[in-house]
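Before any comments, here is the structure.
Letters A, B, ... mirror the listed sequences (proteins, then strands); counts begin at 1.
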Amino acid sequence: MTDSAKPTLLVVDGHSLAYRAFFALPVDNFSTKDGQHTNGVYGFLSMFVNLIKAEKPTHLAVAFDTSRQSFRTREYTEYKANRSESPAEFRGQIPLLQDCLAAMNVTVLQKEDFEADDILATLATQGAEAGFDVLVCSGDRDTIQLVNDDITLLYPSVQGVSQLKRYDPAAVIEKYGLPPENYPDIAALVGETSDNLPGVPKVGEKTAVKWLTQWGTLDALLENADKIPGVVGGNLRDHLEDVRRNRRLNRLLRDVELPVGPVDLAVQPIDAQAVREIFARLEFRTLLPRVFEASGIVADEEPAAPTVALPASRSLTPAELADWAAAATGEVGVTVTIEGGLPARIGLATGDEAVEATWTPDAAAALAPWFASAAPKVFTDAKPQVKALGRAGVRVDGLAFDLLVAGWLLRPSFPDKSLADLVDRYLGEKLPEADPTQLVPETEGATPGQLSWFALRVATALRGELPASVATVLTDIELPTLLALADMELAGVAVSHEKLSGFSGELSARADAIARDAFAAIGREVNLGSPKQLQEVLFEELQLPKTRKTKTGYSTDAAVLADLQESHPHPFLDLLLQHREATKLRQIIDALDLAIGADGRVHTTYVQTGSQTGRLSSTDPNLQNIPVRTQESRRIRAAFEVGADHESLLTADYSQIEMRIMAHLSEDPGLVEAFNSGEDLHRFVGARVFGVEPAEVTPAMRTKVKAMSYGLVYGLSAFGLSKQLRIEQSEAKQLMMEYFARFGAVRDYLRSSVEQARIDGYTETIFGRRRPFPDLASPNRVLRENAERAALNAPIQGSAADIMKIALFRIHHEFAAEGLRSRILLQIHDELVVEVAEGEWDAAERIVRDRMGDAAALSVPLDVQIGRGANWDEAAH
DNA sequence: GTTTGCACGTA
DNA sequence: CGTACGTGCAAACA
């Protein structure tokens, strides 16, 4: 912009334009994968970005209506009364749109009792007076009255939101035959059906313009109404009051009191990170570069973060560092950088001082006592550092805080990934980072000591946000668990390469043979691993009936293939299923084999922040989904063996822990009795539901109530139950009714827990772990119902996770305290795998059984099943 | 080269 | 139209 050019103020009616976009764009193409509709948001932003690129405003604001009520509805209750309620699917998008605009640092204005157009009128008028070129963008025709030499209207044409027609005074005269200030007079005479403002019958634009041209003003026309000839003249005389009322209502207010004026609306650089985040959430991809590109408004640079006086980090010798640590009072921030799995540098910090040293064997010896002490330590991501220290022979205790774990507990849906994220979110500052694209970085990254200093400050900020119950979960469950997990990962589990490689070869040969037969069955070769090619074969060449729809076509998953085989038997179907099974197993085996380390053991990584419910997840490789269901697949489990220096594997699992938690939470007398009776759960429940003696419960009955019981925990519907059991929906409904007739408190509990979550906005486990559920209030049914099922499940699955974690770290602790060499190797949600050292079986078994059994005091007992064997398969029971 | 969708393994 | 995960492949995208 040159100095001589006038600044340009662009004011936009967010509501009317988003509404047009909502109807213009197909919702199917604009929904997130969990069902949130985004077509209105997308359409608006797309238009908005084009607008900014084209007009390059220097000042900018978007106005919204607050509700349907305004001073106009009070004056005339019928105002806009004919408008049907805007669809909930649209209303739900407005807050999302406002979030996007906030991330783009665009001023959003709305005011109770006024419409967006009144805000536009006020800003436009003030802007014109202050010497701006003003652009008004609105889909409401009443804004035509604002047009003058300084104010131009951009009005979406009927073709679509992207086509904006420019109205300057000349354009208005060309279209309506009168200057802009007269437009409301025309509209008052003609009426506005969309606002429910009836005009003079039989009077359209032509007549209105003719009259106004003849009489000069609306007042003159109305005063001389008795001189108008013909039927329309009579109509005018009959509707004088309507016309006066219309004129009052369609006059936009130009003096609404606003917190800002035009000069306050200077375009701000966007918050690039915030935009990235919300666009990722809304699954907008192509829009991101367009927003970044749009000139005038955006800067792709990070916003200037407040500069903070970083303490210099003093480099010390290991001995000096150890002395410094020993002398420190209060919490110490710790950062251990890792190279090749071992500590490389170590930085420590208190609130006002940062120090660091290079890791050496001397450092290990000097610092070991401090690390093993109860002196409180704050880490950003403790587990890998604790492991590196462990490899160097340094044990860690006194873990007081872990930023990643704490951040995850606070917001389990969007766990922060790094200290930089946390510094940004909780301190609003920018962590100095070396430019990774520069071989010789121009900007220095923070040193380990400085990182520790930041970590300590973030910890303070984060603590302030943690509710008491969540802080307790962190201290009493998560942090002790973290230390136990570090040891489990270091230990790894012995896996036999010999057993695996033999099996892999077998499966390869089998898969090839099956593939040949499958190709013969259809007369050509296809890629059996390609769903797309399979669809061609099944639904076009073999003419099999279309199955369940997916996003890209029709499903070919195992359940669908089994159904097809029943209704339209074809040898290809069965061969395909067999091929899938063989290749899947081989794939798992090969991946596992590849993961065996030089020590003959597989070391997984447990992701403590990997779930929304409190469970762990396992990666590289995932050892929580090793097959178990089929005879064949157990050969894989048989390859998980006791290590050479130990005696046997012990497996321990909770039986029906989630049902027990449900019994505890619901206090259902029937269910509580079931668990206290010692009878098989499903037999007991089956006897109640079907009104027979436990001994008379048939396998079919047991299967049904078992599916129902497990389904309950997941928010199962009659439809889902019927599908699972392959029974009629009516029968499923009947089964649910019988079930709830006997176990009504279960249903009451499930219902009330979702209702409570709707009120609180989050669910809570027995131990106080929280999970937020904003979507319980969503107007989008798919979204809301998904949230309801997840909210129903979260306290149950989460409490089970809490209980297992408590048992886990207590066992880990007790093994050490009793000086045992036995150790926990794996956790698979409700199961532990323990490697028992020679002569320690009885002690280990006792500890595992007791600590799992008494991890929580519920109103029903926690039942623990234990098995023993030389490998995981044998140890199962 | 990266991302997405499908399919499938576990609790 | 049943919760919570991670992985590998093919296909689509850049």
Side-chain angles (χ1 to χ4, degrees), chain A residues 33 35 280 283 285-286 289 412-413 526-535 547-561 576-577 579-581 583-592 594-595 604-607 609-630 632-633 636-637 653-659 662 707-725 729 732 736 750 763 771 781-782 785-798 800-801 804 826-832:
Chain A
K33 58 175 175 287
E283 298 172 16
R285 281 170 285 275
T286 52
S413 22
V526 293
N527 184 343
L528 295 174
S530 162
K532 191 162 173 264
Q533 295 181 34
L534 288 175
Q535 286 174 46
T547 57
R548 177 170 60 84
K549 268 193 182 156
T550 67
K551 227 170 190 174
T552 52
Y554 297 91
S555 171
T556 66
D557 72 18
V560 155
L561 294 181
L576 176 56
L577 283 169
H579 185 263
R580 284 237 179 102
E581 197 180 333
T583 49
K584 180 79 183 174
L585 275 188
R586 184 174 56 89
Q587 174 208 316
I588 291 170
I589 290 164
D590 291 350
L592 196 56
L594 219 59
T604 185
T605 302
Y606 289 104
V607 184
T609 57
S611 80
Q612 307 217 27
T613 52
R615 277 189 175 184
L616 303 174
S617 75
S618 157
T619 64
D620 298 314
N622 180 356
L623 294 186
Q624 290 181 321
N625 70 344
I626 300 301
V628 67
R629 294 187 205 280
T630 65
E632 291 253 272
S633 67
I636 302 180
R637 293 211 165 201
D653 61 56
Y654 282 120
S655 56
Q656 298 130 356
I657 187 167
E658 294 188 341
M659 283 297 287
M662 205 158 67
M708 168 90 200
S709 290
Y710 277 105
L712 277 180
V713 180
Y714 303 142
L716 184 72
S717 64
F719 177 88
L721 187 62
S722 72
K723 223 172 149 165
Q724 150 109 26
L725 291 172
Q729 245 191 88
M736 291 181 82
L750 292 171
T763 58
R771 175 173 172 190
R781 204 184 65 170
V782 175
E785 289 180 349
N786 286 342
E788 283 169 355
R789 286 190 298 275
L792 181 143
N793 172 263
I796 301 168
Q797 191 184 118
M804 180 49 110
L826 303 176
Q827 188 260 40
I828 309 98
H829 307 307
D830 63 1
E831 173 184 4
L832 293 179

Measuring from atom CG of A:N622 to atom CD1 of A:I828, what distance do you get when rounded to the nearest 0.5 angstrom?
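The distance works out to 10.0 Å.
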Is it the case that the side chain of [X] and the backbone of [Y] share a donor-acceptor pair, with hydrogens and angles ignored and the cut-off at 3.5 Å?
X      : Y      : result
A:N793 : A:V713 : yes
A:R637 : A:P627 : yes
A:Q624 : A:Q827 : yes
A:T763 : A:P795 : no
A:N786 : A:V782 : yes

N/O contacts under 3.5 Å, protein versus nucleotides 12-14 of chain C?
none

Rounded to the nearest Å, what distance is computed from the [atom1] atom of residue [X] to the [atom2] atom of nucleotide [N]?
X      : N      : atom1 : atom2 : value
A:R789 : C:dA4  : CZ    : P     : 9 Å
A:I636 : C:dT7  : CD1   : C1'   : 14 Å
A:Q533 : C:dA10 : CD    : P     : 9 Å
A:L792 : C:dG2  : CG    : C1'   : 10 Å
A:N527 : C:dA11 : CG    : P     : 6 Å
A:L623 : C:dT7  : CG    : C1'   : 12 Å
A:R586 : C:dT7  : CZ    : P     : 19 Å
A:I796 : C:dG2  : CD1   : P     : 16 Å

Hey, could you give me each pair passing salt bridge (Lys or Arg N to Asp or Glu O under 4.0 Å) that has a residue in residues 609-622 of chain A? Not counting sequence neighbours.
A:R615-A:E658
Whether each nucleotide of nucleotides 1-11 of chain B has a protein heavy atom under 4.0 Å at its base (B), only at its sugar-phosphate (S) or at neither (-) is summarised, 5' to 3', as ---SSSSBBBB
Report yes if a side-chain nitrogen or oxygen of [X] is closer than 4.0 Å to either non-bridging phosphate oxygen (OP1 or OP2) of [N]; otherwise report no.
X      : N     : value
A:S530 : C:dC9 : no
A:S717 : C:dG2 : yes
A:T619 : C:dG6 : no

Just checking [X]: base, sugar-phosphate only, or nothing, at a heavy-atom cut-off of under 4.0 Å?
X      : value
A:D653 : nothing
A:E785 : nothing
A:A800 : nothing
A:R771 : sugar-phosphate
A:G529 : sugar-phosphate

Sequence neighbours excluded, which residues qualify as ring-ring contact (aromatic ring centres under 6.0 Å, His included) partners of A:F719?
none
Which residues satisfy the side chain to side chain donor-acceptor pair (under 3.5 Å) test with A:Q729, sequence neighbours excluded?
none
Residues that A:E788 engages under side chain to side chain donor-acceptor pair (under 3.5 Å), provided they are two or more places apart
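Expected list: A:R758.
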